[in-house]
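Not measured: the values here are computed from a predicted model. Within every chain, numbering begins at 1; the chains are lettered A, B, ... in the order of the sequence lines, protein sequences first and strands thereafter.
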Amino acid sequence: MNINSFRYCMRQSVVSLRRNLWLAVVTAGIIAISLSILGGFLLLAVNADQMIRNIESNVEIGVFLEDGASIEDTRQKLDRHPGIHNYTFVSKEEGLRDFSRSLGDRVLLVGMEGENNPLPDLFRVRANEAEEVPSIAAEISAYPGVELVDYGEELVGRLLNITGWINTLFLVISILLALGAILLIITTIRLSVLARQDEVGIMKYLGASNWFIRFPFLLEGMTMGWTGTLAAAAALAAVYYRLASSLQQEALTFFIQPVTDTTRLLPIFVGLLLLGTLMGGFGSFISVRKFLRV
Amino acid sequence: MNINSFRYCMRQSVVSLRRNLWLAVVTAGIIAISLSILGGFLLLAVNADQMIRNIESNVEIGVFLEDGASIEDTRQKLDRHPGIHNYTFVSKEEGLRDFSRSLGDRVLLVGMEGENNPLPDLFRVRANEAEEVPSIAAEISAYPGVELVDYGEELVGRLLNITGWINTLFLVISILLALGAILLIITTIRLSVLARQDEVGIMKYLGASNWFIRFPFLLEGMTMGWTGTLAAAAALAAVYYRLASSLQQEALTFFIQPVTDTTRLLPIFVGLLLLGTLMGGFGSFISVRKFLRV
Amino acid sequence: MIQLNNVTKQYPGCADPALGDISLEIEQGEFVFLVGPSGAGKSTLIKLIFREQLPTGGRMYFNQRNVTALKQKELLEHRRKIGMVFQDFRLLKQKTVFENVAFALEVLGRPPKEIKEKVPEALDKVGLLDKARSFPDKLSGGEQQRVGVARAIVKDPLVILADEPTGNLDRDNSRQLMDLFETINQGGTTIIIATHAWEIVDRMKKRVIALDGGRMIRDEQRGGYCHEH
Amino acid sequence: MIQLNNVTKQYPGCADPALGDISLEIEQGEFVFLVGPSGAGKSTLIKLIFREQLPTGGRMYFNQRNVTALKQKELLEHRRKIGMVFQDFRLLKQKTVFENVAFALEVLGRPPKEIKEKVPEALDKVGLLDKARSFPDKLSGGEQQRVGVARAIVKDPLVILADEPTGNLDRDNSRQLMDLFETINQGGTTIIIATHAWEIVDRMKKRVIALDGGRMIRDEQRGGYCHEH
Ligand SMILES: Nc1ncnc2c1ncn2[C@@H]1O[C@H](COP(=O)(O)OP(=O)(O)OP(=O)(O)O)[C@@H](O)[C@H]1O
Ligand SMILES: Nc1ncnc2c1ncn2[C@@H]1O[C@H](COP(=O)(O)OP(=O)(O)OP(=O)(O)O)[C@@H](O)[C@H]1O
Ligand SMILES: [Mg+2]
Ligand SMILES: [Mg+2]
């Protein structure tokens, strides 16, 4: 393909986009909508993931010590354990204060202080990984001086279960949406090729090479895909930014903590842009191919 | 339009669907995908709604009585209050047993029984409506003998807030999806009309009336819409049924309680069917209209 | 039956009118040739009568009815009375030859029985009975043209308008087609043919209306393709 | 230059072959008329030479090259050497007249400067310079046909294949077009024309190949439309 042909193809795509402006805009719009939803899901998934991680990492292992056991010994062992993220020590006195506070600070636990304190000393331990909690708990319970280890087996199991469910759900919906979007682009462009089938036929009779025919369609499809994706990314970014900042101001902050880390958000947006452009180009390619057999 | 014309139109739609089978199948497929997602969202929304209701209705008002206050008096007042769904009485002895159980039944709260029991008597009260909890709590706190009323103001506010957020989110996504689906059907059928524009033109030149031209397109669009929706409804129902029954067997049951009440599910499916058929027919109608001006 | 008073047609964006100030009258049962060089306005005149186009000036009547003021319903009625042979055939690509011809009757809401009788009759008249089940793009140019003729005559119209009906036909087929038109004409049907086939025009000695550059330059009973001829 | 040995073309689903056992040879620089009744196989023969269709039997050569065995790239080269005038015009609806003719050169990758020179020249030869900016559906039938001719001649092809190039043209325009083809032919271009225009064939006294029902029934140097003529 020489330079004249190349320039002709470029010009041709522009002319064609302008002459079929309505169709181009609708196609771009449909790409924008499907990618918005897809992108919205990815953002939701990232946030849900982080939320679950937050909850999971808050799962505490309660280590209750026997009366008179050495606090220092246990502390050293915990320090050395590689799977432990951090821990806090709650002495029996602090435990009692917490308890009385939980009753509204109104009822004085007279007669339970000092030697009468029925509560044990307690380490609240956090693991690095939620999955490791059960094994760490088992290890700790073997330490000398540890009376009881408690970590809410049910809650952890439940959270892992929910995570699994939600991930599957997101995956299914995302695949469905991506499928729909691709099917759509293929159909749209196949129909637009179909509408120009006569034209393509005539071009072939005049001896136009396959690339000479294909190229304008590809450029056209990629432009549509790219425009749609750009619109989707812009809309998503704007909505997400507003939502995130309003959430951060809300009292709910600690409940739903929006992800604002650009190193985790950027890949989503870049991925969407690439996906849209590729979808446009690839959709055109597949559609055009069919009509290029002589 | 006489009977011959009508029969001709019916035959025509069938022939046309058969000759453009591929396009018809893809259109139906796209309708199916978008309606599956839409329907999935509606199901999710119904379930989320029920889940939140479950949580809300579990919000308890803790009514702590003064030492020596009359339990019967309070009980009678609570009985008469119309906004209260039910309540349970927790005596100070039961309270102490619960507390010691929460410490693992291992630590005996010796010396705190009987007269030494520092805990107050307690009513756990449930309101009919989560929204009414604050006002009911205020009323009860004015009862004689009530020392303290506690209902987790924060939690209720937070739940109401989350419900609002989730509803808005669902609404936005559903509208986006419905918009996408309608845009899509209009485009698909407009393109299919465009591909047959010559044909429509020739029909007009032969003196075919608008309805004679329009009718086969309408039937075609409605058939596609209906087929797509039927597929979507069938797929949704199958997936939902499996999900619901597996959830009910799971340990998570009380956590995610799937809605299986047909009076609440049926409207969704019937609505989807109607929507699909209408979308198909209406999409065709709009698309065909444009080409019928002479 | 057809009456034009000072009719003008100016296509938007063109400097010269395609038709300028045409006045003529064609009676029921006449056989008229429209002749003239390429671009003279023959097709435009036929399109005006068919009301495919609206005139930009003057008045047109068809059976005393003002053609320019037809409402949607009346327009359909108008076109149903006319059998039109298009210069570019305009066959329905998705229908077979039989279905194409049958369509002209189906539009009129005729019963299937009548359709099954009349369509083969019409196809036989143009010599295409054996191609009834072919699709138009499997036919030669002349065959497509004759399908267009069959579609126009099958509904026994009041008027037949034919634009270049022999452009893709050989001498024998052309003569047969003209004989067919003459037979139909003898049954009282008005026939208007735009053509370049001078040999036929000269031979048949019918009324000839000559156009050039959008003007009517000649209107002769029993005329020839050229004045000098 | 063009050589056919026992070439047969049988369309799928047809009882009789559209072309049966044709053998002929056409030299560089010849001027050939293909004649025969509607459906005789003229267009099919032209389509075979253009390789729009493949023969179902026999061998065909174009410049010593086997036409049936062309690869994708060679096929493009083959078609680029030929200027084709289609019976149904095949203009690009979305392009203006100028762009349609220019497209034949753009396909060859010619520079814009050359295109700007040659296209108006070709349009002038067919008398359509003033319609350069119109779209095809705004043209009369004859004008569209002449755009097709302009597109075929603009690239100075080795061979011009023309299927019914005067079907929509009046006498004067037809004669001018034939004069144009004769001039081009004198420059060494081979010209093959399928036509029903007997008057022209008889007048021009060129080589005539007559087909009927798919058979070659006559091949005369300096012949007429009919044998008896
Ligand atoms: N694509 C096709 N498929 C099947 N049959 C075809 C096809 N094209 C042509 N035919 C048949 O082959 C025969 C020869 O057709 P062809 O187009 O070569 O005729 P022709 O001589 O050009 O006639 P005309 O003068 O009417 O254009 C005809 O009977 C036609 O119906
Ligand atoms: N839709 C249109 N828009 C603009 N100009 C048009 C349109 N149709 C025809 N014309 C122009 O009007 C003039 C007359 O066209 P018309 O088709 O009536 O000619 P004609 O006599 O039928 O010619 P031919 O014998 O070539 O078919 C031509 O110059 C043509 O370019
Ligand atoms: Mg014309
Ligand atoms: Mg032919």
* Quick one: closest heavy-atom pair of D/Gly29 and D/Thr190, and the distance? => N-OG1, 3.0 Å
* In terms of heavy-atom pairs under 4.5 Å, which option from D/Arg110, D/His78, D/Glu77 contacts chain A the most? -> D/Arg110
* To do: Look at D/Gly83, D/Pro111, D/Ala104 and state which one has the largest set of heavy-atom pairs under 4.5 Å with chain A.
  => D/Pro111
* Report yes or no: is the cationic atom of D/Arg207 (NZ for Lys, CZ for Arg) closer than 6.0 Å to the six-membered ring centre of D/Phe31, at no more than 45° off its axis? => no
* **Side-chain H-bond candidate by donor/acceptor type, D/Thr44 with D/Tyr11, under 3.5 Å** => yes
* Would you check if there is a donor-acceptor pair between the side chains of D/Asn173 and D/Gln145 at a distance under 3.5 Å? => no
* To do: Would you please classify the geometry between the A/Phe212 ring and the A/Tyr8 ring as parallel, tilted or perpendicular, with 30° and 60° separating the classes?
  => parallel
* Check whether A/Ile202 gets within reach of chain D through its side chain, its backbone, both or neither, counting any heavy atom under 4.5 Å. => side chain
Pick one of side chain, backbone, both or neither for [X], based on which atoms fall under 4.5 Å of a heavy atom in chain A.
X	result
D/Glu114	neither
D/Lys95	both
D/Ile115	neither

